[in-house]
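Structure, as structure tokens:
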Amino acid sequence: MRIHNTLSGRKEKLQTLNENEVRIYVCGPTTYNLIHLGNARPLVVFDTLRRYLSYRGYRVIYVQNFTDVDDKIIARANEEGIDALQLSQHYIDEYFVDADRLGIMQADIHPRVSEHMNDIIDAVGKLIERGYAYEIDGDVYFRVRAFDGYGKLSKRSLDDMRAGARIAVDERKQDPLDFALWKKARASEPSWDSPWGAGRPGWHIECSVMSTKYLGETFDIHGGGADLIFPHHENEIAQAEAMTGKPFVNYWMHNGFITINQEKMSKSLGNFFVLRDILDKYPADVVRYYLIATHYRSPLDFDDGKLEEARRALARLKNSLQLAEEFIQGDEAEAAELDEQASAFLTEISSLEASFIEAMDDDLNTAMAIGHLFEMAHTLNSFLASAPRSEAGNRVAVFRALQTFRALGDVLGIFMKVDDEEKKAVEGLLDILLQLRSRARQQKNFALADEIRDILSEHEVRVEDGPEGSRARYEKEPDASELVELLLAIRGRFKAEKQYDQADWVRDRLMDQNVIIEDTREGVRWKFADA
RNA sequence: GGGCGGGUGGCGAAGUGGCUAACGCUGUGGUCUGCAAAAUCACCAUUCACCGGUUCAAAUCCGGUCCCGCCCUCCA
């Protein structure tokens, strides 16, 4: 695999320190807020990297930190009059809610600043000892000019930076670019005891300390958003390499930004979208698809239309999945001879699988990989449309193709499945509606058939009729209660028209789905039996 | 001001020296369908911001011009 390394500015072949093992550190969120879409991009990008490396046979050791001691957290906690660490804990919990919904695998270790104070204090002490840092009245600063390679990641010289510096210079610092390793405690701030008095760590030191603690003094990949290149990652390198005298990270990966109407989305500009709100409107796999349909280093513009387009595009892939599943219907285990068409079909699938891998190997080119997935869907659909499913060989071929197709979609995390109780109830209710509609169609009662389809369409459920029956498809699960109401309304009409056998049929089917119906003088009452 | 990246069809987005410029969305026509939907087949950029150069060959390399985003300050 080749990876674009920010350090060299080039794509380089991935050569891990240990064979078949990759050690990755990704900068996680500062926990003072619900995460927004901009935070979600690196989560999904590096989760995809992780899945892909696993798929390619690597053992992946993945560490993602929480910065739970920070100016913004303290400010927010003071505003709300609560303890800073308590606020952090709250948003860490909320982080996991959102990340789980997005299908982000948990890291092997999620270290927090607050739990590594001794390690951080030791590190700061060591840096002072070695002349890379100095103390002034309870503050400790890193001495930038003592570290030779300063600026190698962000490709800037110290002189350039001094010239363009917009920061208010702290006169006590030896160099304007020296940055804080330890900050002296002020009133109403959480603090920890140290050899320099009560205080707390500066922003960058935690990542140097925690990454090397869990992954070693040198590790393979460090990732994060492009805005972290300077100063955060530049400073991480300076601290870590000053401390160990060894190269800190071999491959630096940075994702591009999400913009809103061509303007950077950020908490400070106030134009950010909270991930949770987006996940309430669109399924997680659609959001993932949107985030990786563009190469990770490119900027990505966001608006509602983008998710809608992603939804439609992904629906095409998932439709192929469903068509293929229906085609094999559990007969997959059979062994059978493949005819020429089926063999050619599988050859094509293998070749597209190879193309997918080739794309992913080229700096995680998910955009191109997805392109190959669409070609695979096309190949699959064409075969399904032309090969009779009565041939066992065809079913075997589709089964194998489906396995490949699904595996690749799972690498990207775009074939997420939700099957819980709610879904079962919905499936059952939809099935009643479909049966009702089939009966109407058989009786040439197209008015009722179309009405059912139209009403379902209002609930964003599409009805499709095929030679072997109808099916309901949806990306967003409809509300079970509304479906029950719908069925009861139809039943009410049957009753009014004195079609009691039809009305009773609906009631019986609803009972099968654990819906209890009571006809009262005031009207119909119902409830789920297990609710 | 300094640094980095980018401008590809109606839209989104790959491609970085040589086959018909992927793929998706949208749109158009045919098949299928009670009608639809899905699926399927076909069509939709002689052209890659602009100008000049290198080369047998450039969207891809070089020079210039215009425009856009990001970083240099907390930020994914």
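Letters A, B, ... are given to chains in the order of the sequence lines, protein chains preceding strands, and every chain is numbered from 1. Being a predicted model, the structure only gives us computed values, none of them experimental.
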Report summary line: Atom CG of A:Leu177 and atom C1' of B:C71 are separated, to the nearest Å, by 14 Å
Query raised in the report: What does B:G29 pair with, Watson-Crick or G-U, if both distances are under 3.5 Å?
Result: B:C41
Query raised in the report: Which nucleotide in the set B:G12, B:C25, B:A14 lies at the smallest distance from any side-chain heavy atom of A:Ala313?
Result: B:C25
Query raised in the report: Do A:Glu309 and B:G24 have a side chain to base donor-acceptor pair shorter than 3.5 Å?
Result: yes
Query raised in the report: Taking the six-membered ring where the residue is Trp, are the ring centres of A:Phe96 and A:Phe66 under 6.0 Å apart?
Result: yes
Query raised in the report: Taking the side chain of A:Thr294 as its heavy atoms from C-beta onward, which of B:G12, B:A14, B:C71 lies nearest to it?
Result: B:A14
Query - Base versus backbone protein contacts along nucleotides 29-41 of chain B [heavy-atom cut-off under 4.0 Å; B, S, -] - result: -----BBBBSSSS
Requested in this report: For the residue pair A:Thr404 and A:Glu353, confirm or rule out a side-chain donor-acceptor distance under 3.5 Å.
Outcome: no
Query raised in the report: Do the side-chain N and O atoms of A:Gln341 and A:Ser386 include a donor-acceptor pair separated by under 3.5 angstrom?
Result: yes
Query raised in the report: To the nearest Å, how far apart are A:Leu153 CG and B:C71 C1'?
Result: 12 Å
Query raised in the report: Once you round it to whole Å, what is the distance between C1' of B:C4 and NZ of A:Lys152?
Result: 19 Å
Requested in this report: Would you mind classifying the nucleic acid contact of A:Ile229 as base, sugar-phosphate or nothing, using non-hydrogen atoms under 4.0 angstrom?
Outcome: nothing
Report task. For A:Gly224, report the nucleic acid contact type (base, sugar-phosphate, nothing); a contact means any heavy atom under 4.0 Å. Result -> sugar-phosphate
Requested in this report: Quick one: label A:His36 by what it contacts on the DNA or RNA (base, sugar-phosphate, nothing), any heavy atom closer than 4.0 Å.
Outcome: base
Query raised in the report: If we take the C1' atom in both B:A36 and B:C50, what is their distance in whole Å?
Result: 48 Å
Query raised in the report: For A:His4 and B:U16, what is the distance between atoms NE2 and P respectively, to the nearest whole Å?
Result: 15 Å
Query - Between B:G52 and B:C66 - C1' atom distance, rounded Å - result: 15 Å
Report summary line: Of A:Lys155 and A:Arg312, the one whose nearest nucleotide on RNA chain B sits closer to the 5' end is A:Lys155
Query raised in the report: B:C23 pairs with which nucleotide, Watson-Crick or G-U wobble, both distances below 3.5 Å?
Result: B:G12
Query raised in the report: With under 30° as parallel and over 60° as perpendicular, where do the rings of A:Phe302 and A:Tyr290 fit, or are they tilted in between?
Result: perpendicular
Report summary line: From CG of A:Asn39 across to P of B:C74 the rounded distance in Å is 17 Å
Requested in this report: Provide, to the nearest angstrom, the distance between the NZ atom belonging to A:Lys318 and the C1' atom belonging to B:G24.
Outcome: 17 Å
Query raised in the report: Is the closest side-chain donor-acceptor distance between A:Glu375 and A:His378 under 3.5 Å?
Result: no
Requested in this report: Determine the contact category for A:Phe257: base if any of its heavy atoms lies under 4.0 Å from a base atom, sugar-phosphate if only primed atoms, P, OP1 or OP2 are that close, otherwise nothing.
Outcome: base
Query raised in the report: Roughly how far apart, to the nearest Å, are B:C74 and B:G12 at atom P?
Result: 33 Å
Requested in this report: Searching all strands shown, indicate the nucleotide that pairs with B:G17 (Watson-Crick or G-U wobble; both distances under 3.5 Å).
Outcome: none
**Report entry** Complement of B:U65, any strand, by Watson-Crick or G-U distances under 3.5 angstrom
**Finding:** B:A49
Report task. Could you tell me whether A:Ser298 contacts a base, only the sugar-phosphate backbone, or nothing, with contacts defined as non-hydrogen atoms closer than 4.0 Å? Result -> sugar-phosphate
Report task. Return the residues of residues 360-370 of chain A meeting this criterion: a heavy atom under 4.0 Å from some atom of RNA chain B. Order them by number, or give none. Result -> A:Asn365, A:Ala367, A:Met368
Query raised in the report: With under 30° as parallel and over 60° as perpendicular, where do the rings of A:Trp252 and A:His254 fit, or are they tilted in between?
Result: parallel
Query - Separation of the P atoms in B:G24 and B:U40, to the nearest angstrom - result: 10 Å
Query raised in the report: Short question: side chain of A:Asp362, backbone of A:Asn365 - any donor-acceptor pair under 3.5 Å?
Result: no
**Report entry** Parallel, tilted or perpendicular: rings of A:Phe415 and A:Phe405 (30°, 60°)
**Finding:** tilted
Requested in this report: Quote, to the nearest angstrom, the P distance that separates B:A58 from B:C51.
Outcome: 15 Å
Query raised in the report: Between the side chains of A:Tyr62 and A:Asp47, does any donor sit under 3.5 Å from an acceptor?
Result: no
Query - P spacing across the pair B:A59 / B:C48, given as an integer number of angstrom - result: 7 Å
Report task. Give a yes/no verdict on a cation-pi contact between A:Arg23 and A:Phe219, requiring under 6.0 Å between NZ or CZ and the six-membered ring centre and an angle within 45° of the axis. Result -> no
Query raised in the report: For the residue pair A:Tyr150 and A:Phe230, does the interplanar ring angle fall in the parallel (under 30°), tilted (30 to 60°) or perpendicular (over 60°) class?
Result: perpendicular
Query raised in the report: Looking across every strand, which nucleic acid part, if any, lies under 4.0 Å from A:Arg156 by heavy atom: base, sugar-phosphate, or nothing?
Result: base
Query raised in the report: Quick one: do the A:Ser320 and A:Asn381 side chains pair a donor with an acceptor below 3.5 Å?
Result: yes
Requested in this report: Round to a whole Å and report the spacing from OH of A:Tyr290 to C1' of B:C25.
Outcome: 15 Å
Report task. Would you indicate which nucleotide in B:A76, B:A22, B:C74 comes nearest to any side-chain atom of A:Ile258? Result -> B:A76
Query raised in the report: Separation of A:Ile292 atom CD1 from B:A13 atom C1', in whole Å?
Result: 14 Å
**Report entry** Rounded distance in Å between the P positions of B:G15 and B:G7
**Finding:** 10 Å
Query raised in the report: Should B:C70 form a Watson-Crick or G-U wobble pair with both distances under 3.5 Å, which nucleotide is its partner?
Result: B:G3
Query - Separation between the P atoms of B:U28 and B:A37, rounded to whole Å - result: 11 Å
